[in-house]
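Only heavy atoms go into these numbers, but all of them, side chains included; no hydrogens, no water, no symmetry mates. Letters A, B, ... mirror the listed sequences (proteins, then strands); counts begin at 1.
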There are 2 protein chains.
Amino acid sequence: MTADGRLSWRAVRDRIHARILSGHYAPGDRLPRDADIADTLGCARSTVQRAMQDLSDSGIVERRRKGGTRVRPDPVTRATFEIPVTRREVEAKGGRYGYQLIRRALEETPRTIAATLEIGAPERMLRVEALHLSDGRPFMLEDRWISTATAPEILDVDLSVESANEWLVVNRPYSRCDVRFSAEAAGEREAELLGCAPGSALFVIDRTTWIGTRPITTVKAATAPGYELLTRTPGDQGAM
Amino acid sequence: MTADGRLSWRAVRDRIHARILSGHYAPGDRLPRDADIADTLGCARSTVQRAMQDLSDSGIVERRRKGGTRVRPDPVTRATFEIPVTRREVEAKGGRYGYQLIRRALEETPRTIAATLEIGAPERMLRVEALHLSDGRPFMLEDRWISTATAPEILDVDLSVESANEWLVVNRPYSRCDVRFSAEAAGEREAELLGCAPGSALFVIDRTTWIGTRPITTVKAATAPGYELLTRTPGDQGAM
DNA sequence: ATTCATATTATGTAGCTACTTATTTTGTCA
DNA sequence: TGACAAAATAAGTAGCTACATAATATGAAT
């Protein structure tokens with residue numbers, strides 16, 4: 001609601017959302033056209049448009065030209081997660097950040113890694129294994145491949161001091177990022193490095209980034225037992 | 001780009017994004033004001049505004065009134081996941097969906113559950129344990145609490161036929177949803193129901209929903225070994 | 001009845017103006 | 001110098017118009 005009593009687009013959005021939540025509009029139902037809603041509520045169509053766009057982005061309604069707007073018949077839970085640089089993540093959780101380089105080598109990528117990076121043939125890349133620590137205890141173990149074609153400067157970085165994670169995030173912003181979450185049992189080596197029992201359930205984050213179509217890096221990050229990931233609480237959402 | 005040669009807001013966004021990716025604007029740098037960019041590119045300020053809003057939503061830039069726009073100094077990976085109704089998820093993966101009700105009882109919530117649901121004191125709620133199957137094999141085991149205060153009709157639903165998941169999604173849209181991902185070792189009971197070895201690493205999704213401030217349901221869904229969650233590939237993203 | 005061109009319709013996009021609001025900068029006064 | 005008020009600034013919002021685009025509906029011709 002604005003100062004002069006007119007409805008803001010958020011107010012319009014919340015109003016429509018409320019009608020959906022209350023069952024006035026059920027999943028699959030068609031909503032009135034933007035222009036009619038605008039008339040009813042006494043605001044401009046552009047305001048309704050913005051409200052509807054937001055509801056559409058949130059997965060609550062579907063919009064199609066000429067077809068109009070309807071309540072999504074198969075609601076989905078849309079969750080957004082923010083994965084910060086590991087150092088920040090540790091610090092945000094109140095820990096003192098530590099870092100150890102375990103291995104650094106130039107190797108030919110296995111076929112699976114080449115496929116993940118969407119390159120035709122295996123390539124020689126920089127492989128880095130490192131451990132992130134929180135208050136001196138293992139927090140996350142990363143096994144990373146970095147394309148030396150896309151980021152040659154990484155070869156001159158002293159990775160025993162600065163983590164590849166941190167360097168890349170600042171120096172190689174990506175245009176595309178694929179993320180995969182899974183659970184995996186700790187192997188012998190992982191268990192030892194993460195300081196847990198072999199077979200422990202680990203939360204694993206696989207991430208691959210590209211700039212344009214050129215691969216930058218792919219990393220498998222195995223987190224120490226107990227790790228969990230929460231949805232970022234949206235600033236607005238939660239209408240009604 | 002529009003038909004008449006003017007820049008669309010997506011084109012403007014991609015252009016600015018490209019300049020960030022190329023390092024022309026580095027993390028922390030301040031960008032020109034919207035009006036200046038509009039002049040430079042020969043488009044309206046509202047177009048730049050829309051482009052900037054999108055970059056801001058994507059976590060690429062930060063905007064503050066008077067402060068202007070700057071490239072986010074601590075880039076975060078922002079990943080969005082869509083969690084559909086379990087039946088649809090199974091079907092989307094090419095499986096034949098099956099469902100089994102394991103337990104249905106009215107119970108007092110433990111304190112931990114009451115806390116998760118953000119209610120002051122424990123309450124009597126409907127507890128449902130059910131197994132979702134894909135091609136006859138266990139896919140996901142859910143342990144759910146449903147507020148009979150918020151959704152009393154659930155008591156009349158034949159949960160041996162229709163899953164609570166499905167009923168709630170259609171009949172109790174939520175205004176807020178918290179999601180938590182974690183990895184957990186399968187216990188005796190879980191292992192038996194999911195048909196895996198005890199101690200197997202399971203991917204666990206905890207979800208709690210509210211309508212306004214009233215709790216609807218909280219569910220712990222343990223997925224069979226091998227489950228993984230991928231980012232939904234955004235329709236637009238991937239500029240440059 | 002089927003096909004295909006045409007009209008209609010509802011959303012999408014761009015531009016303009018005017019005003020609001022949060023925040024920083026500046027400048028004055030104690 | 002420090003505190004506080006006033007001015008300036010840059011993004012945020014709302015409304016208007018005009019036109020683009022995609023999808024559907026209609027109707028004519030075969």
Side-chain angles (χ1 to χ4, degrees), chain A residues 1-17 20 25 28-73 234-237 239, chain B residues 1-17 20 25 28-73 234-237 239:
Chain A
M1 183 93 100
T2 54
D4 59 338
R6 287 258 177 75
L7 291 168
S8 74
W9 69 266
R10 283 167 214 281
V12 172
R13 176 199 63 190
D14 292 352
R15 209 145 159 155
I16 298 164
H17 191 191
I20 293 170
Y25 298 121
D29 280 6
R30 180 160 170 192
L31 274 65
R33 358 184 318 235
D34 291 5
D36 290 343
I37 293 178
D39 281 354
T40 307
L41 300 182
C43 63
R45 177 163 84 89
S46 47
T47 306
V48 176
Q49 157 81 13
R50 245 172 298 184
M52 287 299 202
Q53 261 309 327
D54 196 63
L55 289 173
S56 176
D57 288 346
S58 308
I60 292 165
V61 302
E62 278 174 341
R63 277 161 82 72
R64 279 164 67 190
R65 285 177 178 172
K66 165 86 184 178
T69 306
R70 48 188 66 232
V71 181
R72 254 187 100 131
D236 52 354
Q237 289 282 73
Chain B
M1 182 93 99
T2 55
D4 60 337
R6 287 257 176 77
L7 291 168
S8 74
W9 69 266
R10 283 167 214 280
V12 171
R13 175 198 62 189
D14 293 351
R15 209 144 159 159
I16 298 165
H17 191 191
I20 294 170
Y25 297 122
D29 279 6
R30 180 161 169 190
L31 275 65
R33 5 188 307 240
D34 291 5
D36 290 343
I37 292 179
D39 282 353
T40 307
L41 300 182
C43 63
R45 177 163 83 90
S46 46
T47 306
V48 176
Q49 158 81 15
R50 245 173 298 187
M52 286 299 200
Q53 261 309 328
D54 195 64
L55 290 174
S56 176
D57 288 346
S58 309
I60 293 166
V61 302
E62 277 174 341
R63 276 160 83 72
R64 280 163 67 190
R65 285 178 176 171
K66 166 80 187 183
T69 306
R70 51 188 62 232
V71 182
R72 253 186 101 130
D236 51 355
Q237 288 283 70

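- Under 4.0 angstrom from either OP1 or OP2 of D:dG12 there lies at least one side-chain N or O belonging to B:Arg63.
- Between B:Thr69 and D:dA11 there is a side-chain N or O to OP1 or OP2 distance below 4.0 Å.
- Counting to the nearest Å, the C1' atom of C:dG12 and the CG atom of B:Asp54 are 15 Å from each other.
- Scanning for salt bridge (charged side-chain N to carboxylate O under 4.0 Å, His left out) contacts around B:Arg65 gives an empty result, with sequence neighbours left out.
- Residue B:Glu62 contributes atom CD, which lies 16 Å from atom C1' of D:dA10 at whole-angstrom precision.
- Taking atom CE of B:Met52 as the reference point, atom P of D:dG12 lies 10 Å away to the nearest angstrom.
- Listed by chain and residue number, nothing satisfies the side chain to side chain donor-acceptor pair (under 3.5 Å) test with B:Arg50 (two or more places apart in sequence, or in another chain).
- Within the nucleic acid shown, B:Gly68 comes within 4.0 Å of sugar-phosphate atoms alone, with no base atom in reach, counting heavy atoms only.
- Every side-chain contact (heavy atoms from CB on, under 4.5 Å) that B:Pro73 has, sequence neighbours left out, goes to B:Glu62.
- A donor N or O paired with an acceptor N or O is not found under 3.5 Å between the base of C:dG12 and the side-chain atoms of A:Arg64.
- Of the two residues near DNA chain D, A:Lys66 and A:Thr47, the one whose nearest nucleotide lies more 5' is A:Thr47.
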Original post:
Going through the distances and angles, do A:Val61 and A:Ile20 end up as a side-chain contact (heavy atoms from CB on, under 4.5 Å)?
Top reply: CA-CA 9 Å; A:Val61 302; A:Ile20 293 170; 3.8 Å; yes

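- Note on A:Gln49: a base of the nucleic acid sits closer than 4.0 angstrom, heavy atoms only.
- Residues meeting the side-chain contact (heavy atoms from CB on, under 4.5 Å) test with A:Arg15, sequence neighbours left out: A:Leu7, A:Leu41.
- Computed from coordinates, the B:Gln53 CD to C:dT13 P distance equals 15 Å when rounded to whole Å.
- For the pair A:Asp57 CG and C:dG12 C1', the computed distance is 13 Å after rounding to whole Å.
- OP1 or OP2 of C:dA14 has at least one side-chain nitrogen or oxygen of B:Ser8 nearer than 4.0 Å.
- Within residues 33-41 of chain A, the residues having any heavy atom under 4.0 Å from DNA chain C are, by residue number, A:Arg33, A:Asp34.
- Applying the salt bridge (charged side-chain N to carboxylate O under 4.0 Å, His left out) test to A:Asp36 and every residue at least two apart in sequence or in another chain returns A:Arg33.
- Put simply, the side chain of B:Arg50 and the base of D:dG12 share no donor and acceptor less than 3.5 Å apart.
- Counting to the nearest Å, the C1' atom of D:dA10 and the CZ atom of B:Arg65 are 9 Å from each other.
- You'll find that the side chain of B:Ser46 is closest to C:dC16, out of C:dC19, C:dC16, D:dG15.
- For the pair B:Thr40 and B:Pro32, the minimum side-chain heavy-atom distance is 4.5 Å or more.
- Between A:Arg30 and B:Arg45, the one whose closest nucleotide on DNA chain C sits nearer the 5' end is A:Arg30.
- Distance CH2 (B:Trp9) to C1' (C:dC16): 20 Å, rounded to an integer number of Å.
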